[in-house]
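Have a look at the structure below, then the notes.
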Amino acid sequence: MRTSQYILATLKETPSDAEIISHQLMLRAGMIRKLASGLYTWLPSGLKVLRNVEKVVREEMDKAGAIEMLMPVIQPADLWQESGRWDQFGPELLRISDRNNRPFALGPTHEEVITDFVRKEINSYKQLPITLYQVQTKVRDEVRPRFGVMRAREFTMKDAYSFHLSEDCLSATYERMHQAYCNIFERLGLDYRPVIADTGSIGGSVSHEFHVLAESGEDAIAFSDGSDYAANIEKAEALAPTETRAEASKTLNTFATPEASTIEQLKAKHGVKPHRGVKTIIVYGAADENEQRGLVALVVRGDHSLNELKAQAHELVHSPLELAKEADIIAAIGAKPGSLGPVGLNIPVIVDHSAAIMADFVAGANKDGEHYSGVNWDRDVTDFTVADIRNVVEGDPSPCGKGVLQIMRGVEVGHIFQLGTKYSESMNAGVLGENGKNQMLTMGCYGIGVSRIVAAAIEQNNDDYGIKWPTALAPFTLAIVPMNMHKSHRIPDIADKLYNEFKAAGIDVLFDDRKERPGVMFNDMELLGVPYTLVIGERNLDNNQVELKNRRTGKKLMLDIDQAVTEICNAINAN
RNA sequence: CGGCGAUUAGCGCAGUUUGGUAGCGCACUUGGUUUGGGUCCAAGGGGUCGCAGGUUCGAAUCCUGCAUCGCCGACCA
């Protein structure tokens, strides 16, 4: 490609609404432009990167035995009603009507459509197992789109679905897909981790997420420094402490805390160390037989944080977790949030393991502007249950028994699930088994955020000059940058000749034939992240040489013109 | 959904306090100049100042409403 016949669209200045580095660089490098919040146009070089991701994904999916197909974005509402998700999914499901006022959804995922397809087309156990996939546009009306294509309302996803007659068969395919995902992220040159994950709204039992490690990641992941254990923090178990509770040595006393309603303020104004106090969070309890929801108190150590998933999994707690409204708290307890504690409550109290071994601690007195010191379990609070309801913190022992936990941030780029029969049962998808009887299908599903990978890769590969693409992702492999070509008679011929030879050799080459000064061209090629740049200038031409620059290493190499194409092709293919 | 902020040329911004015919830099066009890391000079093109209403002789500027975009929060009491 010649830049004079291309849309490079690079920007010197960073558009003001781009917050994270990948978003800024994608705009500056001319990869994307925003159409509206969460909606992006992919420019030619952005699209090339997107296609590179798709190519690797397709190759590994095919290798894993999956078969590609394509389903519609627009999906009839009745399928979603059948699975129950028309009501469950909430406003993230973008709903539309056709001219006859029939309701449709713009697909955020395709479990319903694929299950409907399979129940119609797959009739016999002899056709199983089968794994089908597509690379397709998904629509999710995100509450808050942000970070460019990282969390967009319309995005490209690879989604695969597998169908089986047994859990064992599903597990085998699940493992195969797990391996295929590792291959994909490996080939894309990303620093990633598979982690144990929650199944969320998709449903099912076993699940793993694949995270690209990056500071800007929206998820926290915990992993052991002594084993392979890794989990999304929302799923990481906090082991019950081995130490026992100390004896009570202080009496229960109140002290005035008019200006302190948070752990931080207690520390700043009263010198209470966070790990010597507890925080008490009031949520709604599970509904009783009359659909009435009472209140439940959750107690964690002051320096710990509540884990929503763990809390709502508790039988006494309403799921999904919902904080009690202030008015309800005042009505039941007589104090506002900020002065709450477990002493003397007439609602169920669930205490985290770590809080349950504390002695002589500080807690709210359930009276505005007052706290207790010297609180002790059993003596001051008699009725409570103990459970794991907190998020793990760095240094906690790993649940696997080996090593301690480290915590890092990650961008979720893949998620695989063992769904079981959730969709096949609600949508009645079965096949005729060996025994001649109908048998329910067991399902797995496997997603990769294709467009998100592009942004995640930039988060991991950039410097002050711009993007440093891993070879598999680069929009062009090689840039030809001639020095002052328009003033020379030798350079145009040589540049042209090399350009054609690289093209013939199958190298994706970008020939910068603009009438620009060298600095402009260097800057653009570096911003765009082209892995190799071939510099052709009068200076080296006198020695019959050209210069090759490596974007990632910064190294420069002088090559004889006659051998340049061969040597560069070798270098590129060796990578 | 709550709080905060923004909206002026393709991009980045000033002008709004104190109302008086709309500016700067980059980009773009033309000519010249320069040429191995975002040259310099000159001349140009491009804006219903987010939208609607109001106040006023006169509104980018003041008032009201709306829209869009962004940030923070929406569990840590």
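Nothing here was measured: the structure is a model prediction, and the numbers come from that model. Naming: A, B, ... by sequence-line order, numbering from 1 per chain.
- A:Y284 and A:D328 form a side-chain donor-acceptor contact under 3.5 Å, judged by distance and modelled atom types alone.
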Could you list, one pair per line, each protein nitrogen or oxygen that sits under 3.5 Å from a nitrogen or oxygen of nucleotides 12-15 of chain B, together with the distance?
| from | atom 1 | to | atom 2 | distance (Å) |
| --- | --- | --- | --- | --- |
| B:rG12 | OP1 | A:S16 | N | 2.9 |
| B:rG12 | OP1 | A:S16 | OG | 3.3 |
| B:rC13 | OP2 | A:S16 | OG | 3.3 |

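- Only the P atoms considered, B:rG46 is 15 Å distant from B:rU29, to the nearest whole Å.
- The stretch residues 270-285 of chain A touches RNA chain B through A:K279, A:T280, A:I281, A:I282, each having a heavy atom under 4.0 angstrom from the strand.
- Here B:rU64 sits opposite B:rA52 as a Watson-Crick or G-U wobble pair (both hydrogen-bonding atom distances under 3.5 Å).
- Nucleotides B:rU21 and B:rG47 have their C1' atoms positioned 14 Å apart, rounded to a whole Å.
- Checking B:rC4 for Watson-Crick or G-U wobble geometry (two distances, each under 3.5 Å) identifies B:rG70 as its partner.
- One can place CD of A:E218 at 13 Å from P of B:rA74, the figure rounded to the nearest angstrom.
- By the ring-ring contact (aromatic ring centres under 6.0 Å, His included) test, A:F147 is found to be paired with no residue, residues two or more places apart in sequence or in another chain being considered.
- One interatomic measurement links the two molecules: NE2 of A:H23 to C1' of B:rC69, which rounds to 12 Å at whole-angstrom precision.
- Rounded to an integer number of Å, the gap from A:L8 CG to B:rG38 C1' is 14 Å.
- Counting atom types as modelled, A:N540 pairs a side-chain N or O with a base atom of B:rG36 as donor and acceptor under 3.5 Å.
- Residues satisfying the salt bridge (charged side-chain N to carboxylate O under 4.0 Å, His left out) test with A:D383, not counting sequence neighbours, are none.
- B:rG38 is unpaired under the Watson-Crick or G-U wobble criterion, no partner having all donor-acceptor distances under 3.5 Å.
- Within residues 507-533 of chain A, the residues approached by RNA chain B to less than 4.0 Å at the level of any non-hydrogen atom are A:R517, A:P518, A:G519, A:V520, A:F522, A:N523, A:D524, A:E526, in residue-number order.
- The partner of B:rG23, taking Watson-Crick or G-U wobble pairs whose two distances both stay under 3.5 Å, is B:rC13.
- Of the candidate nucleotides B:rC72, B:rG70, B:rG36, B:rG70 has the atom nearest to the side chain of A:S37.
- Atom name C1', nucleotides B:rU7 and B:rA43: the rounded distance is 33 Å, in whole Å.
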Below 3.5 Å between N/O atoms, which protein atoms pair up with nucleotides 42-44 of chain B? Just atom names and distances, please.
none

